Amino acid sequence: MKVSIEEMTGARHPIAVVADRTGLSQDVLRVWERRYGAVQPGRGPGGKRFYTDGDVERLRVLAAVTRAGRAIGEVAALPMPALVQLESEDREDREDREDREAREAGAEVAPPDNAAASAAAAVLEECYPLIRALDGDGLDGVLRRAEVRLGVETFVERLVGPLLRWMGDEWHAGRLGMAHEHLASAIVHDILVERMRAFPQHRGRPRLLVATLSRERHVLGAALVGALAALMGWDVVYLGADLPAAAIIDAARESAASVVAVSVVYVDDRRRILDDFQALRQALPVHVELVAGGAGASTLGRELTAMGIRVESSSTGWLDAPRHAVPDTVEVRS
């Protein structure tokens, strides 16, 4: 029985496919093979090159690290783990540089209000097909570039908010699946948390603790509040999702939080959630303001207000100066 080159070696990609996937020309691929031994493709009938999946990935990473400024002769012989580490370091350096340039430019680079709305709308149109296609890398790139260009506040209010509403509408209409929503939400969450932690903390500024209660896994609203608070000058302690009331109380005490913000999206057990909020309010000092937000908190508004808990429906409303939390001597960036 005749055995194909693919069956013998796993090499199944012709050079034209590899060139398309890596962005390297066929001439460059041949030179990297002959002169530097970057990969050793298999050979089919007539000497035609065929590359394995591993070859393609190695060439992709080599292309990335050389575009960052390295000579192919310096990296061609490196093992794959070392190449991947270099690619990761280059990407982090590039992102740090972009973040630094954006911070140095400050508000001056933010588009005017009408232009910001138009720019955000254009980005949304880019995001929709990427989410439908489950193209996480593409969506991550589009959103990260938009965050730098628009600034955190515009990114949150004019891009992330509408994007989440669109995903909810599409999911309810049966046009998006749970996987699509999880993919996009995870990417947005990671970007917001990175930006939140990029702002330095300063002694004496008001401290905001942000979390969700036990069994509440929907954490994007909390991340939105944390990112905006950091932008406005708050020191933010972001705990993320699914914490018991006792853990939030302990963290608030240890961090000396001025405000504790708790996000509730779905009310699966009304009594349990109200009991948790009651425990929080009773355990926290009276000068620590407790704020509840999210779609679920709105449905509990009457009971929460009766407990002395402020209920907010917007991300910016959470950050209004509370009655007791912000000292007169503290200047909060706007």
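Keep in mind the model is a prediction, meaning the values are calculated, not measured.
- Cluster membership for Val28 and Val75, using ILVMFWY side-chain heavy atoms within less than 4.5 angstrom, is shared.
- Side-chain contact between Val18 and Leu29 is present, with at least one heavy-atom pair separated by less than 4.5 Å.
- Here CD of Gln85 is found 12.5 Å from CE of Met80. Values are rounded to the nearest 0.5 Å.
- The heavy-atom pair separating Leu59 from Leu24 by the smallest distance is O-CD1, 4.0 Å.
- The CG atom of Leu159 sits 9.0 Å away from atom CZ of Arg149, with the distance rounded to the nearest 0.5 Å.
- No salt bridge links Arg165 with Asp169; every basic N to acidic carboxylate O contact stays at or beyond 4.0 Å.
- Closest approach of Leu208 and Val225 over heavy atoms only: CD2-CG1, 4.1 Å.
- Note that CZ of Phe277 is 11.5 Å distant from CD of Glu303, once rounded to the nearest 0.5 Å.
- To the nearest 0.5 Å, atoms NE2 (His189) and CG (Leu224) are separated by 9.5 Å.
- For Asp268 and Arg215, the salt-bridge test passes: some basic side-chain N is under 4.0 Å from an acidic carboxylate O.
- By the criterion of side-chain heavy atoms lying less than 4.5 angstrom apart, applied directly or through intervening Ile, Leu, Val, Met, Phe, Trp or Tyr residues, Val31 is grouped together with Val61 in one hydrophobic cluster.
- Atom CG in Leu300 sits 8.5 Å away from atom CE in Met307 (nearest 0.5 Å).
- One hydrophobic cluster holds both Met167 and Leu134 under the rule that ILVMFWY side chains link at heavy-atom gaps under 4.5 Å.
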Test log, rule side-chain contact (heavy atoms from CB on, under 4.5 Å), inputs Val262 and Thr212: CA-CA 5 Å; Val262 177; Thr212 79; 5.5 Å; no

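- A donor-acceptor pair is defined here as one N or O able to donate and one able to accept, closer than 3.5 Å; such a pair exists between the side chain of Arg272 and the backbone of Ser214.
- A search for side chain to side chain contact (heavy atoms under 4.5 Å, CB included) contacts involving Arg91 returns Glu87, Ser88, Arg94, Glu95, not counting sequence neighbours.
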Can Tyr266 and His218 be said to form a ring-ring contact (aromatic ring centres under 6.0 Å, His included), step by step? CA-CA 8 Å; Tyr266 291 116; His218 293 79; 4.8 Å; yes

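- Minimum interatomic distance between Ile249 and Ala279 (heavy atoms only, all atoms of both residues): CD1-O, 3.7 Å.
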side-chain contact (heavy atoms from CB on, under 4.5 Å) evaluation trace for Val291 with Ile309: CA-CA 6 Å; Val291 186; Ile309 298 168; 5.9 Å; no

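- Contact record, Val219 with Ala241: CG2-N, 3.7 Å, taken as the closest heavy-atom pair.
- Taking 4.5 Å as the limit, some side-chain heavy atom of Ile273 sits within range of a side-chain heavy atom of Leu213.
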Report the C-alpha separation of Arg60 and Glu57 in whole Å, then their side-chain angles, then the decisive distance to 0.1 Å, and conclude whether the salt bridge (Lys or Arg N to Asp or Glu O under 4.0 Å) test is met. CA-CA 5 Å; Arg60 184 197 67 76; Glu57 179 62 10; 2.8 Å; yes

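- At least one side-chain heavy atom of Leu280 sits less than 4.5 Å from a side-chain heavy atom of Ile248.
- Note that CG of Leu220 and OG of Ser263 are 9.0 Å apart. Values are rounded to the nearest 0.5 Å.
- Under the 4.5 Å side-chain criterion, counting only non-hydrogen atoms from C-beta, Phe155 is in contact with Val160.
- Checking side-chain atoms of His180 against main-chain N and O of Arg132 turns up a donor-acceptor pair under 3.5 Å.
- Residues meeting the side-chain hydrogen bond (donor to acceptor under 3.5 Å, both in side chains) test with Thr22, sequence neighbours left out: none.
- Shortest non-hydrogen contact noted between Ala38 and Leu62 is CB-CD1, 3.8 Å.
- Contact check for Val288 versus Ser258: no side-chain heavy atoms found under the 4.5 Å cut-off.
- Side chain of Thr299 to backbone of Gly296: a donor-acceptor contact under 3.5 angstrom is found.
- Minimum interatomic distance between Arg281 and Val286 (heavy atoms only, all atoms of both residues): NH2-CA, 4.1 Å.
- Checked by atom type and distance alone, the side chain of Asp140 never pairs as donor or acceptor with a backbone atom of Asp137 at under 3.5 Å.
- When side chains are defined from C-beta on, Trp166 counts as touching Leu176, because their heavy atoms get closer than 4.5 Å.
- Looking only at distances, no side-chain donor or acceptor of Arg207 sits under 3.5 Å from a matching main-chain atom of Val236.
- Residue Arg175 places its CZ atom among more than 12 non-hydrogen atoms of other residues, nucleotides or ligands, all under 6.0 Å distant.
- Looking at Arg158 and Leu150, their side chains never come closer than 4.5 Å, going by heavy atoms from C-beta outward.
- Annotation for Arg30: atom CZ counts as buried by contact number, over 12 foreign heavy atoms lying within 6.0 Å.
- For residues 61-74, every residue pair satisfying the side-chain hydrogen bond (donor to acceptor under 3.5 Å, both in side chains) rule, not counting sequence neighbours, is listed here: Arg70-Asp90.
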If you apply the rule salt bridge (Lys or Arg N to Asp or Glu O under 4.0 Å), what do you find for Glu33 with Arg43, and how did you get there? CA-CA 13 Å; Glu33 173 199 340; Arg43 297 282 179 163; 3.1 Å; yes

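- Residues Pro162 and Leu124 form a side-chain contact, since some pair of their non-hydrogen atoms from C-beta on lies under 4.5 Å apart.
- One hydrophobic cluster, built from ILVMFWY side chains closer than 4.5 Å, holds both Leu290 and Leu274.
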Between Leu78 and Leu86, is a side-chain contact (heavy atoms from CB on, under 4.5 Å) present by the stated rule, with each step listed? CA-CA 10 Å; Leu78 291 177; Leu86 285 177; 3.8 Å; yes

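- Hydrophobic clustering of Ile, Leu, Val, Met, Phe, Trp and Tyr side chains at less than 4.5 Å, counting indirect connections, unites Leu243 with Val267.
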I'd like to know whether His13 forms a side-chain contact (heavy atoms from CB on, under 4.5 Å) with Arg21, so could you lay out the CA-CA distance, the side-chain angles of the two residues, the decisive distance to 0.1 Å, and finally the verdict. CA-CA 10 Å; His13 305 295; Arg21 293 190 180 183; 3.6 Å; yes

